[in-house]
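Some notes on the structure that comes next.
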Amino acid sequence: QYSRPSFLRAMLLEEKSTVGSDEIVKLESNIDDCSPEVLGYVMDRLFEAGALDVCYSPIFMKKNRPATMLTVLCKEDKRLSLERIIFTETTTIGIRRMTMQRSLLARTFENVQTELGEVTMKVCSYVDQNGTQTFVYPEFESVKKLAQTHDLPLKAVFDLAVQAKHHDKKKKKAAVARTSESLGRRRHCSSVFWGCRQCLNVGAFVSSNSMFRQTSFGGLHSYGIDA
């Protein structure tokens, strides 16, 4: 029907990023007739059942009644079980729910050795046009354990863990720099000659092998194979 085909080409360009994303559910309920003891117990149960986060906010409801807003963050597959806990353990008769998108930094967990013992660290990375930024957070339970074991303030152990992580990072950078410098010398020597005694330390091998001949150039040594 047409003398020539017609095409449309489209490209979708996305900026590379270490920030991930996923979908979560937010549950909310306003409660004005439930005791603080019960609410504390409910928080523990919600975390045990798989809630990502649980918090309480003070609010005022009808007739100027001081009340509490319960907020729960969870995955969709945990929603029904968490709603059941809220309905059966509190006095609320309704729960609001919203599906939300969230952005997440890339994260890993590392063990860092300190003077007091080992501490688990959460390491998060953020990459943008200005480069990579790294954020380090000691895990509370491992810091708490060392603080109780050595009878020290929690903050003191926390600071010690952060310092140990930064010191470990500096040591790794220094090791990488030394390795790069060594490889750089080897690449230079192998590109000019077959080897440099200072870098490769092959003098003993060459001197004991009749297949090789040695030639000196102002303190540097090259090695070739006799035909």
Side-chain angles (χ1 to χ4, degrees), residues 13-27 39-58 70-79 82 99-188 198-201:
L13 302 179
E14 294 182 355
E15 185 178 357
K16 186 177 180 181
S17 174
T18 56
V19 179
S21 64
D22 67 355
E23 191 172 86
I24 59 174
V25 178
K26 181 179 181 181
L27 306 176
L39 293 179
Y41 172 75
V42 169
M43 176 181 282
D44 292 337
R45 285 212 56 193
L46 291 170
F47 275 123
E48 291 170 0
L52 298 174
D53 202 2
V54 182
C55 67
Y56 294 114
S57 304
L70 166 62
T71 303
V72 180
L73 301 181
C74 65
K75 294 287 191 176
E76 175 61 35
D77 60 347
K78 300 290 185 180
R79 179 177 63 82
L82 296 177
T99 301
M100 312 176 72
Q101 301 289 328
R102 65 171 179 169
S103 299
L104 300 169
L105 290 181
R107 68 203 57 187
T108 59
F109 290 90
E110 300 178 8
N111 293 325
V112 175
Q113 193 65 38
T114 72
E115 299 174 4
L116 304 177
E118 195 173 71
V119 175
T120 302
M121 311 284 287
K122 182 189 297 179
V123 183
C124 302
S125 300
Y126 178 68
V127 179
D128 60 12
Q129 65 273 14
N130 297 320
T132 302
Q133 299 181 59
T134 302
F135 311 101
V136 179
Y137 307 100
E139 287 293 281
F140 172 76
E141 291 298 333
S142 61
V143 173
K144 173 185 173 183
K145 181 179 179 181
L146 289 182
Q148 293 176 338
T149 300
H150 298 278
D151 193 23
L152 292 171
L154 183 73
K155 187 179 184 304
V157 180
F158 185 96
D159 293 340
L160 182 65
V162 173
Q163 293 172 7
K165 175 59 182 176
H166 288 314
H167 179 66
D168 183 60
K169 184 178 179 180
K170 288 181 180 179
K171 288 199 302 183
K172 288 181 179 179
K173 281 187 175 181
V176 170
R178 288 195 300 269
T179 302
S180 299
E181 182 181 358
S182 176
L183 291 175
R185 288 201 306 267
R186 293 189 180 196
R187 283 194 297 268
H188 167 74
Q198 181 181 358
C199 298
L200 299 178
N201 194 24

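Residues Leu116 and Leu152 meet the side-chain proximity criterion, which asks for heavy atoms closer than 4.5 Å.
With sequence neighbours left out, the salt bridge (Lys or Arg N to Asp or Glu O under 4.0 Å) criterion links Glu118 to no other residue. Listed by chain and number, the residues in a side chain to side chain donor-acceptor pair (under 3.5 Å) with Lys122 amount to none (sequence neighbours excluded).
With respect to Glu110, the side-chain contact (heavy atoms from CB on, under 4.5 Å) criterion is satisfied by exactly one of Val119, Thr120, Val123: Val123.
When all heavy atoms of Cys74 and Lys78 are compared, the closest pair comes out as CB-CB, 4.4 Å. Summarising the geometry of Thr114 relative to Ala164, their closest heavy-atom pair is CG2-CB, 3.8 Å, with the distance given to 0.1 Å. Minimum interatomic distance between Lys145 and Thr149 (heavy atoms only, all atoms of both residues): O-OG1, 2.7 Å.
Remark: Lys26 NZ to Met100 CE distance equals 5.0 Å, nearest 0.5 Å. If you take CG on Leu154 and CG on Asp159, they are separated by 9.5 Å, rounding to the nearest 0.5 Å. Atom OH of Tyr137 is separated from atom CZ of Phe158 by 9.0 Å, given to the nearest 0.5 angstrom. Considering CZ of Arg79 and CD1 of Ile24, their distance stands at 14.0 Å, rounded to 0.5 Å. His150 NE2 to Glu115 CD: the interatomic distance, rounded to the nearest 0.5 Å, is 10.5 Å. To the nearest 0.5 Å, the span separating NZ on Lys165 from CG on Asn111 amounts to 10.0 Å.
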Scan the side chains in residues 44-56 for donor-acceptor partners under 3.5 Å anywhere in the protein, sequence neighbours excluded, and list what turns up.
{"residue": "Arg45", "atom": "NH1", "partner": "Glu89", "partner atom": "OE2", "Å": "2.7"}
{"residue": "Tyr56", "atom": "OH", "partner": "Leu39", "partner atom": "O", "Å": "2.4"}

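A donor-acceptor distance shorter than 3.5 angstrom exists from the side chain of Arg107 to the backbone of Leu105, with no hydrogens or angles considered.
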